[in-house]
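To start, the structure under review is shown below, and the notes come after it.
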Amino acid sequence: MTSPVLLLGQTLGFTDNPFRTEPETAARYEQRGAVLVTDGKIADLGTADDLRARHPQARVIDYGAGLITAGFVDAHVHYPQTAIIASWGKRLIDWLNRYTFPEEMRFGDPDYAAEIARRYFDLTLSYGTTTVCSYATIHPESVNAFFTEARARGLRALAGKTCMDRNAPDGLCDTPQSAYDDSKALLEQWHGVDRLSYVVTPRFSPTSTPEQLEAIGALWAEHPTCLMQTHLSEQIDEIEWVKSLYPEARDYLDTYERFGLLGENGVYGHAIHLEGRERARLRETGAGLVHCPTSNTFIGSGLFDMDGLMAEGQRIGLATDTGGGSSFSMLRTMASAYEIAQLRGRALHTAELYWLATQGSAEVLRLDDKIGNLAIGMEADLVVLNLASTPAIKQRHAEADTIWDALFPTIMMGDDRAVQSVWVGGVNRLARGD
Ligand SMILES: [Zn+2]
């Protein structure tokens, strides 16, 4: 039993999905709120006055006007691409060949993998992200480095060995059998250890043979409570390529479905250019979609249909997709989601953006009973935001009348300077100027 800590500030959580109701009624906001953290969990919530009275023994940390919320949940990243983020001038297939694959070759070296894992988690924590779901490389060393570093920091984290057995350089291909064997061994080693989860991870149909997808499908069938993550319908050229590689498939999603790689624990990155049958099957199975807006604009992929997919009842989370995405920051990612929705004719509400970056992503990762919201019983993964972190934001913030108006400039213009403090499992992991 650790001694309780009482965090004071503005507090914001959700009682509902703001896409499914009036956005502002889906939130629970206190201007002078409090969060009681005990044994790594949120033990009580309410107004500062009430919680001070109820828990007089608790150590108090007062964040003043800081906004306390759930930490950000980034539902689709490639931590091995940390060092090549913001590489110029290529579209998806060229970008993979020119930048990504040469860098991923380096992760057979456990020392290099460990160095990048440390660098990656330093960065994500500095941006207030407390959970990521990552692709590793084909090398088991890359998975071990990721989980070792996440575990040392007490993070809830997810990852899997990326499986590829064609259309990649020689040093970056496994086989159907080795993909199965290595993934299985890593799953058995790491899944459920502390706060870690293994994710079955075929990169995408073009870099796997049908035989490999079949082997990975068999592994997932043996471990159906694990997530399975992959990419789906990101660019038009890619979709044409998939159709030429799998001429018998009905559509891109079918290249997964026919090998048992579609299900309620499936997580599909991008999902931009979906056909009608694909949308129907994704909804029927309850699969999760992950919107990666900075990546979609950076690589020129297209405009995700947030409104249409939400209206159909799809499950949707938000992600940076580093390093195809151009930022480690979920604030920047929310801003990009706002801009993409605007290009489709709809201004997403601040509550909708924030929900996507926290609870929406947690739902897609099937972790919404543990993380992604400020609610009693949830794990105490928290971010405290300074809503006036730069001169430009501060002068705009001064004009705000509501929490939504106060938060929106930080979403649009904020960076790591807005992240005042980060708590991971009830432990303070970052404190900036407090
Ligand atoms: Zn990706």
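These numbers come from a predicted model, not from an experiment. Ligands are counted one by one from 1 in listed order, and the atoms in each one are counted from 1 as well. For the numbers below, each heavy atom of this structure counts, side chains included, while hydrogens, waters and symmetry mates do not.
Here the options are Phe121, Tyr79, Trp190, the test is ring pair (Phe, Tyr, Trp, His ring centres under 6.0 Å), and the partner is Phe147; only Trp190 passes.
In terms of modelled atom types and a separation under 3.5 Å, the side chain of Thr230 and the main chain of Tyr268 share no donor-acceptor contact.
Among the backbone and side-chain atoms of His78, an N/O/S atom is found under 2.8 Å from the Zn ion (ligand 1). The Zn ion (ligand 1) has no N, O or S atom of Glu234 closer than 2.8 Å. For a distance bound of 2.8 Å, the N, O or S atoms of His76 include one lying that close to the Zn ion (ligand 1).
No more than 12 heavy atoms of other residues, nucleotides or ligands lie within 6.0 Å of CD in Glu214, so this atom counts as exposed by the packing criterion.
Considering just the N/O/S atoms of Asp321, the one nearest the Zn ion (ligand 1) carries the name OD1.
Under the 4.0 Å criterion applied to side-chain N and carboxylate O atoms, Asp251 and Arg281 are not assigned as salt-bridge partners.
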